[in-house]
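One structure is given below, encoded as structure tokens.
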Amino acid sequence: MADQIPKWEANQNRHTRFRTIVSVLRRYNVLSNLARQKHPSQVRAAFEELGPTFIKVGQILSSRTDIVKPEFANEFKKLQDNVRSDDFSVVKKTIETQTGKQMNDMFASFDEQPFASASMGQTHHATLLNGQKVVVKVQHPGIDAEVALDISLFERALPLLRYIPDSSVIDLREMVAEIKQSLFNELDTSIEVRNGTRFYQLNNRDDILRVPRVYAKYSTQKVLVNQYMPGTSIQHFMAKMTQADADNNHQYDEERQYLAHVLVTNFLKQVFEDGFFHADPHPGNILLRELKKDDIGYNDTVAKKTGIIGKRQLPPYRLVYLDFGMMGSISPNLMAGIANVVIAVTTENTRQVGKAILAISNRTGEVDEEAFFSELAPFLGQYYNSGLGDIDFQGLIFEMVKVCRTNNIQVNPEVTLLGKAFGTIEGIVETLDPSLSMMDVARPFARQYMREHLNLRNELEDGLLATAQSLRDTPKLPSRLLSALETFENGQTRVNIVFSHRKMFIDRIDTMVNKVVLAVILAALIVGSSLLVQSHSDNNWITYIGIFGYVTAVVVIIGLVIGTLHSWYRHWRKK
């Protein structure tokens, strides 16, 4: 049935498309399932039926475990693009229109059949006039308009949320806003050109790492031309290592440990030295190439470790980073805050870690720090007491972000992105070398950063000022202590007790008092109405006033009963 036109492709009219989207969302309970993070398979089926835009949304969410639960992320990884590739004439027209040049003026050869086709575009092998092999990614015609239409219609469907009980695990509107930004960034290839160029300058030839060169002069908003680099996804090597562990085969021990060490140290360099990191380093975006003796680069060398003169030859394999559409940037202040978090984790002190997290986060409302620290403790305790292979980083990140949100704390988006990338890299490292902990390697990087950026003169001045202030106040301690004892003896002391969830407690008391007052008023209304009816039965208008009082009391009581039942129902749905 490959020639059958998908349902989404047959619905190009705006109003018809909107009805299709709403119909599919309702049939699969997409909004409810997303908001409450339940039944991921239903949401995946709906996205597949709705076509490329929604398939791409699911693929983006598959790597955003800060937004969705791991069960959803894993289910979205099953999404497959059901997009037919464009004819070569369409591709040729797009390239020539975008670049303003003829194909023959740019490429010595160009494979007419794409080797990959996805929701946003398709990729071809080609060769530049200078003989350099490249890969050319070309957007599907009209995909930008189609994405803009679908996202706008999906946003129009969000008012259906009012029919969903208030038991959301995630903020669906916030999620759609983030996905919208990610989609539009991916549609603008010029962003990936800038990212790829910068990443190449910072990381190419860092030990065994290689980064494909981006050819900006041939790339446009809808065309991306990258250097071709051979290799296979590192996930194939990871599968081989899993089998080797099962067979107790130590043949690859040296290679796998070297690969793990390079991945970790380079990623931490990206964070603490470059301030610019690959935010989606999943195995599909990292290639491994095994070199043969006659391959170019087989005899490449690098400088030995710091403090040792000379060079060493690299091992016969290379790691290649791909896909620079999702990158993260870290400011110097944020970098210092992250270094503080890493150092605080070393102390295994929940309060210190919590304060470090608060320092790099925004407060969206009143924050009960003690409540936050107490909710944070279970997750940190899980990290402290577990081995690398025992930690579910996807679940850990989702729950951590959830705890922050419930405590009116908005985690910096770059920190969230870094946490997700950190978990992805550590997942690869855990397979390659379970004995290597990223935190163990991260601590020296964090300490080195703090040492390099520590202003010793300012710290000494601050310390001397604090010491001088303390020395000046020391002689006053006996008199202040005596004054405090006299105050206590005269009964003029006052103790302020602070307890967690104070506002919630006061709100509950206020609600209870209001209900008691309302009950007294209703009782008085019923009694008064009864007296009016019985004592003035011969006076019609006074009797009507009494009956009106009865009716009012009954309506209010019915409203209270409905409100209580609705509250119970919401509480039951949350369970």
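Under the 3.5 Å distance criterion, the side-chain polar atoms of E273 are left unmatched by any main-chain donor or acceptor of Q270. No donor-acceptor pair closer than 3.5 Å links the side chain of D295 to the backbone N or O of G297. At distances below 3.5 Å, not a single donor-acceptor pair connects side-chain atoms of N266 with backbone N or O atoms of V262. Under a 3.5 Å cut-off, the side chain of R256 and the backbone N or O of T431 do form a donor-acceptor pair. Remark: side-chain polar atoms of Q98 are paired, donor with acceptor, to backbone N or O of K222 under 3.5 angstrom. Remark: the backbone N or O of V367 is not paired with any side-chain donor or acceptor of N408 at under 3.5 angstrom.
Aromatic ring pairs are classed by plane angle as parallel below 30°, tilted from 30° to 60° and perpendicular above 60°; the pair Y218 and Y215 is tilted.
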Worksheet entry | Test log, rule side chain to side chain contact (heavy atoms under 4.5 Å, CB included), inputs V135 and H125 | CA-CA 5 Å; V135 291; H125 286 298; 3.8 Å; yes
- Task: Show your working on salt bridge (Lys or Arg N to Asp or Glu O under 4.0 Å) between K38 and E71 and close with a plain yes or no.
- Result: CA-CA 9 Å; K38 292 186 176 181; E71 294 84 355; over 6 Å; no
Apply the test side chain to side chain contact (heavy atoms under 4.5 Å, CB included) to residues K56 and V147: give CA-CA distance (whole Å), side-chain angles for both, the deciding distance (0.1 Å), then the verdict. CA-CA 10 Å; K56 190 62 187 179; V147 167; over 6 Å; no
Q: Starting from the C-alpha separation in whole Å, work towards a yes-or-no answer on side chain to side chain contact (heavy atoms under 4.5 Å, CB included) for H140 and S117.
A: CA-CA 9 Å; H140 296 305; S117 183; 3.8 Å; yes
With salt bridge (Lys or Arg N to Asp or Glu O under 4.0 Å) as the criterion, how do D300 and R205 come out once you've worked through the C-alpha distance, each side chain's angles and the decisive distance to 0.1 Å? CA-CA 10 Å; D300 284 353; R205 295 193 172 276; 3.3 Å; yes
**Asked** Please walk me through it: do N226 and Y200 pass side chain to side chain contact (heavy atoms under 4.5 Å, CB included)?
**Response** CA-CA 11 Å; N226 277 333; Y200 173 88; over 6 Å; no
Exercise for review: Using the side chain to side chain donor-acceptor pair (under 3.5 Å) rule, take Y258 and D207 through it: C-alpha gap first, then chi angles, then the decisive distance, then the call.
Suggested key: CA-CA 11 Å; Y258 194 93; D207 205 278; 2.7 Å; yes
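The OG atom of S329 sits 11.5 Å away from atom CG of L418, with the distance rounded to the nearest 0.5 Å. One finds the CG atom of L183 at 7.0 Å from the OG1 atom of T53 (value rounded to the nearest 0.5 Å). Considering CD1 of I330 and CG of D274, their distance stands at 9.5 Å, rounded to 0.5 Å. Atom-to-atom distance recorded for L314:CG and T301:OG1 is 7.0 Å, nearest 0.5 angstrom. Annotation: the span from Y298 atom OH to R318 atom CZ amounts to 9.5 Å, rounded to 0.5 Å. Atom CZ of R351 and atom OG of S374 lie 10.0 Å apart (nearest 0.5 Å).
Nearest heavy atoms, L287 versus S233: CD2-N, 3.8 Å. Closest of all the heavy-atom pairs between Q227 and P212 is O-CB, 3.4 Å. Of all non-hydrogen atoms in I286 and P281, the two that sit nearest each other are CD1-O, 3.7 Å. When every heavy atom of K217 is checked against every heavy atom of K101, the shortest pair comes out as O-NZ, 4.4 Å. Across every non-hydrogen atom of C404 and F372, the tightest pair is SG-CE1, 3.9 Å. Nearest heavy atoms, L288 versus E255: CD2-OE2, 4.2 Å.
Between M229 and V211, the closest side-chain pair of non-hydrogen atoms is not below 4.5 Å. Under the 4.5 Å side-chain criterion, counting only non-hydrogen atoms from C-beta, D188 is in contact with Q221. For the pair L259 and F237, the minimum side-chain heavy-atom distance is below 4.5 Å. Within the 4.5 Å cutoff, no side-chain heavy atoms of I208 are placed close to those of V302. Using a 4.5 Å cut-off on side-chain heavy atoms (C-beta onward), Y321 and N203 make no contact. A heavy-atom distance below 4.5 Å is not found between the side chains of M326 and E186. At a threshold of 4.5 Å between non-hydrogen side-chain atoms, the residues V223 and K137 do not count as touching. The shortest side-chain heavy-atom distance between I357 and L376 falls under the 4.5 Å cut-off.
For F324, the ring-ring contact (aromatic ring centres under 6.0 Å, His included) partners two or more places apart in sequence, or in a different chain, are F199, H278. For K133, the side-chain contact (heavy atoms from CB on, under 4.5 Å) criterion is met by T127, Y228, not counting sequence neighbours. By the side-chain contact (heavy atoms from CB on, under 4.5 Å) test, T189 is found to be paired with Q139, V193, L224, residues two or more places apart in sequence or in another chain being considered. Listed by chain and number, the residues in a salt bridge (charged side-chain N to carboxylate O under 4.0 Å, His left out) with K78 are E75 (sequence neighbours excluded). Residues passing the ring-ring contact (aromatic ring centres under 6.0 Å, His included) test with F54 are F47, F154, sequence neighbours excluded. For T406, the side-chain contact (heavy atoms from CB on, under 4.5 Å) partners are E375, not counting sequence neighbours.
Counted within 6.0 Å of CD on E254, heavy atoms from surrounding residues, nucleotides or ligands total 12 or fewer; the atom is thus considered open.
Here the options are I55, I143, D144, V138, the test is side-chain contact (heavy atoms from CB on, under 4.5 Å), and the partner is M120; only I143 passes.
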